[in-house]
There are 2 protein chains.
Amino acid sequence: MGIDVRTEFDAYIGSGDVTVDARDVTLLRAIDSEGSLNAATDSLGRSYGHAQQRIVELEAAFGSLVDRQRGGADGGGSELTETADELLAAFDRVQTSFEGVAEVAETVLPGALVERDGELATVETPAGRLRALVPSAGDGTVQLTIPADAVTLHEATTAPVPDTTSARNQFAGTVRDIEGGERIARVAVDIGADDPVLALVTEDSRERLALEVGREVTVSFKATATRGVFD
Amino acid sequence: MGIDVRTEFDAYIGSGDVTVDARDVTLLRAIDSEGSLNAATDSLGRSYGHAQQRIVELEAAFGSLVDRQRGGADGGGSELTETADELLAAFDRVQTSFEGVAEVAETVLPGALVERDGELATVETPAGRLRALVPSAGDGTVQLTIPADAVTLHEATTAPVPDTTSARNQFAGTVRDIEGGERIARVAVDIGADDPVLALVTEDSRERLALEVGREVTVSFKATATRGVFD
DNA sequence: CCGCGTTCTACCGACGACGGACCAACGCTT
DNA sequence: AAGCGTTGGTCCGTCGTCGGTAGAACGCGG
């Protein structure tokens, strides 16, 4: 079911009416490594004029980003300010966060909305009722997506009683498949729905829980991490 | 620490060498609601020519998306195929997934890399050692980001023993602050680092765990959900 | 004083994306 | 046969983005 597609994205960080994109970030990085705006632009094969103008725009929103000095023995040069370093770090963080959701496998479950209270909904699925965030308005059937990196597995015998944890969605299931990565395994757990729930687990955890095909486990995931959209 | 910025994104889904963006999606949605390509384009204030051409491109990658019929009593019309519906649903899912990471609060922790095994790293932080995914290569200090919707809280007394769960990162802490939303509360838990760890929790869970400022809890989050980037 | 390599600023041209206009083909109704 | 509103396809003008070029200012060294 469904069609298979790549999921891609462009990340931005913004302040005021300016938004910084990947292009701006590579420019700043090149300035940092080349030591001058000039060297940076032609190492990137880009025009000096627009790059310089762009930096002025960025600085209007974020404050000083590049310490520029013209004249002098070596003709001058530029280096990044602390603000620029923080900006780059912030961009890296959101970039890798987005990469996370883009690359990580997720399982999508069909379901029917039974109740809705603000953004929080309870949905009836083939595996049972669960709670999820559904941001948009609507009614009827929904598709829930559960990111594999938000699913935690427990030994079936020692599962925490639901009242003592904030992970409300808990289901008993049996391991159907394990794809071992280098250090991270992808475990497919059948919880009674058409498709198994995928869980990302470190190899350590896989050994510690003695995960193998056929083993009974309980899977849990937070309501705030599973998101639904209406069909 | 850090500068405050909006985080934004553009989502795409791709197949072959074609990538579908939000513009394409609104076009398809307009065709669906208007009943014809012509009505769709001028309800959007866009040119027919390019829209038609664009659909041909999309269909080259995804197969038939729009059933077009010209001539007839009403002059003809167009409606979406099942494939197009699936495409729209897929786009909605990735869109809301990205919105999730864009809107959800996250806490960033500084740390020092102590070991690294593939993508999996163990990092020394002010709160103790924890395991995280750090995709890029590098060395030295890192910044870990822990999305609030991936943090689960447990009663301090009945925390599951670490060996029985796949959530490896567990810390004892005390609740510092609670921001009550409509149905979802944001709980800040001090675990010994400079900044508290934020956890997104439903109001139900907040009551059930009797969460209030000063209460002792244990927070846990999966290694595969916390991502690190080098400074 | 001149040379150097940089930053600053402005202008031009190429390219792509898009809207707008146009015409043909279609198929049913009248 | 004429009319209608759609789809199919093409062409042109505009606008924004970007590279390229050119010139001025800067400040230190020779």
Side-chain angles (χ1 to χ4, degrees), chain A residues 10 12 14 17-81 83-84, chain B residues 10 12 14 17-81 83-84:
Chain A
D10 285 336
Y12 310 96
D17 52 354
V18 182
T19 73
V20 182
D21 61 8
R23 188 178 172 83
D24 298 320
V25 168
T26 61
L27 175 61
L28 290 177
R29 287 236 161 76
I31 293 175
D32 190 33
S33 64
E34 299 290 333
S36 89
L37 215 171
N38 226 317
T41 51
D42 64 40
S43 90
L44 293 177
R46 290 166 55 178
S47 73
Y48 177 88
H50 283 98
Q52 191 272 345
Q53 203 168 354
R54 178 60 179 164
I55 288 178
V56 172
E57 289 177 14
L58 295 180
E59 289 188 325
F62 292 96
S64 175
L65 294 178
V66 180
D67 270 338
R68 286 160 283 186
Q69 216 152 17
R70 63 175 158 181
D74 54 354
S78 295
E79 59 180 12
L80 301 188
T81 67
T83 308
Chain B
D10 286 336
Y12 311 95
D17 53 353
V18 181
T19 73
V20 182
D21 61 8
R23 188 178 171 85
D24 298 321
V25 168
T26 60
L27 174 61
L28 289 178
R29 288 237 161 75
I31 294 174
D32 190 34
S33 64
E34 299 291 333
S36 88
L37 216 170
N38 227 316
T41 52
D42 65 39
S43 91
L44 294 176
R46 290 166 55 178
S47 72
Y48 178 89
H50 283 99
Q52 190 270 345
Q53 204 168 355
R54 179 59 179 163
I55 287 177
V56 172
E57 289 176 14
L58 294 181
E59 290 189 324
F62 293 96
S64 175
L65 294 177
V66 180
D67 270 337
R68 288 161 282 187
Q69 217 154 16
R70 64 175 158 181
D74 53 355
S78 297
E79 59 181 12
L80 301 188
T81 67
T83 308

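Chain identifiers are assigned alphabetically (A, B, ...) following the order of the sequence lines, protein sequences preceding nucleic acid strands; residue numbering begins at 1 within each chain.
- Using a 4.0 Å cut-off, no side-chain N or O of N38(B) falls inside it from OP1 or OP2 of dG5(D).
- Distance, R46(B) CZ to dG20(C) P: 12 Å, rounded to whole Å.
- Distance CD1 (I31(B)) to P (dT6(D)): 13 Å, rounded to an integer number of Å.
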Acceptor/donor pairs from residues 51-64 of chain A side chains to any protein atom, 3.5 angstrom cut, sequence neighbours excluded:
from: R54(A); atom 1: NE; to: D24(A); atom 2: OD1; distance (Å): 2.8
from: R54(A); atom 1: NE; to: D24(A); atom 2: OD2; distance (Å): 3.3
from: R54(A); atom 1: NH1; to: E57(A); atom 2: OE1; distance (Å): 2.9
from: R54(A); atom 1: NH2; to: T19(A); atom 2: O; distance (Å): 3.0
from: R54(A); atom 1: NH2; to: D24(A); atom 2: OD2; distance (Å): 2.8
from: E59(A); atom 1: OE1; to: R68(A); atom 2: NH2; distance (Å): 2.4
from: E59(A); atom 1: OE2; to: L65(A); atom 2: N; distance (Å): 2.8
from: E59(A); atom 1: OE2; to: V66(A); atom 2: N; distance (Å): 3.0
from: E59(A); atom 1: OE2; to: R68(A); atom 2: NH2; distance (Å): 3.3

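- A 4.5 Å side-chain heavy-atom check between D32(A) and L28(A) finds every atom pair outside the cut-off.
- Side-chain contact between Y48(B) and D42(B): absent, with no pair of heavy atoms (C-beta onward) separated by less than 4.5 Å.
- Atom P of nucleotide dC18(D) and atom CG of L44(A) are separated by 13 Å, given to the nearest angstrom.
- Under 4.0 angstrom from either OP1 or OP2 of dT7(C) there lies no side-chain N or O belonging to Q52(A).
- Separating the CD1 atom of I55(A) from the P atom of dT6(C) is a distance of 14 Å, rounded to the nearest angstrom.
- Atom CD of E57(B) and atom P of dG8(D) are 14 Å apart (whole Å).
- Proximity of R68(A) to the phosphate of dC8(C): a side-chain N or O atom is located under 4.0 Å from OP1 or OP2.
- The distance between atom CG of D67(B) and atom P of dG8(D), rounded to the nearest whole Å, is 11 Å.
- The residue R54(B) sits apart from the nucleic acid: no heavy atom pair falls under 4.0 Å.
- Side-chain proximity of R23(A) to the nucleotides dC8(C), dT6(D), dG19(D) is greatest for dG19(D).
- The phosphate of dT7(D) (OP1 or OP2) has a side-chain N or O of S78(B) nearer than 4.0 angstrom.
- Residue-environment remark: CD (Q69(B)) stays at or below the threshold of 12 foreign heavy atoms within 6.0 Å.
- Nearest to the side chain of R70(A), among dC18(C), dC26(D), dG8(D), sits dC26(D).
- With dT6(C), dC8(C), dC18(D) as the candidates, the nucleotide lying closest to the side chain of H50(A) is dC18(D).
- Across the protein-nucleic acid pair, E79(A) atom CD and dT7(C) atom P stand 12 Å apart, rounded to whole Å.
- Along DNA chain C, the nucleotide nearest G72(A) and the nucleotide nearest L37(A) are compared for position; the residue whose nucleotide lies closer to the 5' end is G72(A).
- For Y48(A), taking side-chain heavy atoms from C-beta onward, the closest of the listed nucleotides dG20(C), dT9(C), dT6(C) is dT9(C).
- Rounded to whole angstrom, the span from the CG atom of D42(B) across to the P atom of dA21(C) amounts to 12 Å.
- For the pair D21(A)/D10(A), no side-chain contact is recorded, criterion being any heavy-atom separation below 4.5 Å from C-beta on.
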